[in-house]
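Only one structure is covered here, and it is reproduced in the block below.
Convention: sequence-line order gives letters A, B, ...; per-chain numbering from 1.
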Amino acid sequence: KMAMQDMNAVLSGLSGREQKELMLSLEEMQLKENFTTYNGLVERCFANCVTTFRSKTLDEKEEKCVTRCAHKFFKAVRRAAEVFSTGQTPPPSALQSPE
Amino acid sequence: GDRSFERKRQVAAAVGEMEAVVDVMQRLNRQCFQKCVMSSITEGKTRDDELSLDDDACLDSCAAKFKLVQQKLTEIAMQESLNQQQQQQGAK
């Protein structure tokens with residue numbers, strides 16, 4: 001919350017052009033962060049799940065592992081972000097999603 | 001004015017896309033070189049500096065599987081983002 005107040009103070013002190021330049025920089029940073037996280041996840045799930053290299057397709061065990069890895073990652077990130085930003089413990093994940 | 005910022009944004013997006021592709025290739029090479037080639041060197045399975053038939057087969061498989069994992073994750077990222085949108089709408 002402190003950081004957002006500082007941000008607004010900074011923004012209000014900038015000219016229109018400077019504000020646009022700032023937003024552009026933030027957008028670039030966000031783009032980079034997005035693909036780095038995403039590609040990092042691809043590498044991590046691959047490294048841990050794919051262990052044999054005799055065929056060009058994923059076997060059932062590997063496919064299941066990769067699917068689990070990816071779904072759980074996105075959910076874990078969301079949950080951690082919620083705790084980090086609200087400071088509160090959300091209810092157990094198992095109760096929330098009707099899967 | 002606004003148009004020059006729009007163009008800067010487009011350039012940044014194009015550069016970002018290239019960076020993402022380069023990044024993915026670096027990771028693929030890191031994984032596949034380690035799993036297919038480095039391991040055969042340290043395990044004493046190589047006779048010379050060329051890629052063996054086993055090296056080739058392993059690299060082919062590794063690169064194909066890496067791409068499949070990437071495609072799978074694109075699917076799942078989209079599913080999760082739809083789920084999240086639905087959850088947020090449901091909460092309103």
Side-chain angles (χ1 to χ4, degrees), chain A residues 16-59 62-79 81-82 90 93 96-99, chain B residues 1-2 4-32 34-36 39 54-81 83-84 86-88 90-91:
Chain A
R17 184 199 170 86
E18 284 168 337
Q19 283 187 14
K20 281 187 182 159
E21 301 228 351
L22 177 62
M23 293 318 284
L24 207 64
S25 290
L26 289 179
E27 215 174 279
E28 279 179 44
M29 189 211 75
Q30 186 68 61
L31 277 176
K32 184 154 189 173
E33 199 265 337
N34 281 349
F35 84 68
T36 305
T37 303
Y38 172 78
N39 288 350
L41 182 64
V42 172
E43 187 176 10
R44 184 192 298 273
C45 295
F46 179 85
N48 287 287
C49 293
V50 179
T51 48
T52 62
F53 300 100
R54 288 183 299 260
S55 87
K56 289 190 179 180
T57 55
L58 301 172
D59 67 40
E62 289 171 334
E63 178 124 5
K64 196 165 198 169
C65 177
V66 164
T67 304
R68 288 244 157 100
C69 174
H71 275 294
K72 284 193 164 207
F73 177 86
F74 289 113
K75 295 177 159 89
V77 164
R78 276 212 292 281
R79 188 178 177 91
E82 198 180 331
S93 304
Q96 285 178 358
S97 49
E99 278 180 69
Chain B
D2 270 352
S4 81
F5 277 105
E6 191 46 47
R7 287 183 61 179
K8 280 188 184 177
R9 203 184 248 155
Q10 284 172 358
V11 166
V15 168
E17 206 173 310
M18 273 307 299
E19 284 181 344
V21 168
V22 164
D23 184 65
V24 126
M25 280 313 297
Q26 277 179 350
R27 293 172 193 270
L28 186 156
N29 282 320
R30 178 162 52 228
Q31 289 296 315
C32 294
Q34 183 62 41
K35 294 194 178 198
C36 289
S39 54
D54 282 348
D55 290 341
D56 281 349
C58 183
L59 287 169
D60 292 350
S61 158
C62 185
K65 286 186 167 197
F66 194 93
K67 187 170 178 180
L68 287 171
V69 170
Q70 189 191 21
Q71 287 170 347
K72 187 99 222 162
L73 257 69
T74 304
E75 258 180 60
I76 292 176
M78 213 165 314
Q79 283 177 27
E80 285 287 335
S81 131
N83 277 351
Q84 187 179 15
Q86 283 173 358
Q87 275 183 16
Q88 285 176 348

Heaviest contributor of heavy-atom pairs below 4.5 Å to chain A, chosen from B:Arg30, B:Lys67, B:Gln79, is B:Arg30

Relative to chain A, which of B:Gln26, B:Lys65, B:Gln31 shows the most heavy atom pairs under 4.5 Å? B:Lys65

Based on non-hydrogen pairs under 4.5 Å, which of [options] is most in contact with chain B?
{"options": "A:Thr51, A:Val42, A:Thr52", "value": "A:Val42"}
{"options": "A:Ser55, A:Ala70, A:Cys69", "value": "A:Ser55"}
{"options": "A:Glu28, A:Glu27, A:Met23", "value": "A:Glu27"}

Okay, B:Ala77 and chain A: the region with an atom under 4.5 Å from a heavy atom over there is both

The interface call for B:Gln34 against chain A, heavy-atom contacts under 4.5 Å, is neither

Is [X] in contact with chain B via its backbone, its side chain, both, or neither, using a 4.5 Å heavy-atom distance?
{"X": "A:Lys32", "value": "side chain"}
{"X": "A:Leu58", "value": "both"}
{"X": "A:Arg78", "value": "side chain"}

Decide side-chain contact (heavy atoms from CB on, under 4.5 Å) for A:Phe74 and A:Leu41; before the verdict, give the C-alpha distance in whole Å, the side-chain angles of both, and the deciding distance to 0.1 Å. CA-CA 10 Å; A:Phe74 289 113; A:Leu41 182 64; 4.1 Å; yes

Counting only heavy atoms not in A:Arg44 (residues, nucleotides, ligands), do more than 12 fall under 6.0 Å from its CZ? no

Strictly under 2.5 Å separating the two SG atoms? Check that for B:Cys36 and B:Cys62, please. no

Would you please test A:Phe73 and A:Thr37 for side-chain contact (heavy atoms from CB on, under 4.5 Å) and show each step? CA-CA 11 Å; A:Phe73 177 86; A:Thr37 303; 3.9 Å; yes

Before accepting this row, confirm whether a basic side-chain N of the pair B:Glu6/B:Arg9 lies closer than 4.0 Å to the acidic partner's carboxylate O. yes

Could you pull out every donor-acceptor pair under 3.5 Å between side chains of residues 15-25 of chain B and any protein atom, sequence neighbours left out?
residue	atom	partner	partner atom	Å
B:Asp23	OD2	A:Asn39	ND2	2.9
B:Asp23	OD2	B:Arg27	NE	2.9
B:Asp23	OD2	B:Arg27	NH2	3.4

Any side-chain hydrogen bond (donor to acceptor under 3.5 Å, both in side chains) pairs touching residues 68-78 of chain B, not counting sequence neighbours? A:Tyr38-B:Thr74, A:Glu63-B:Lys72

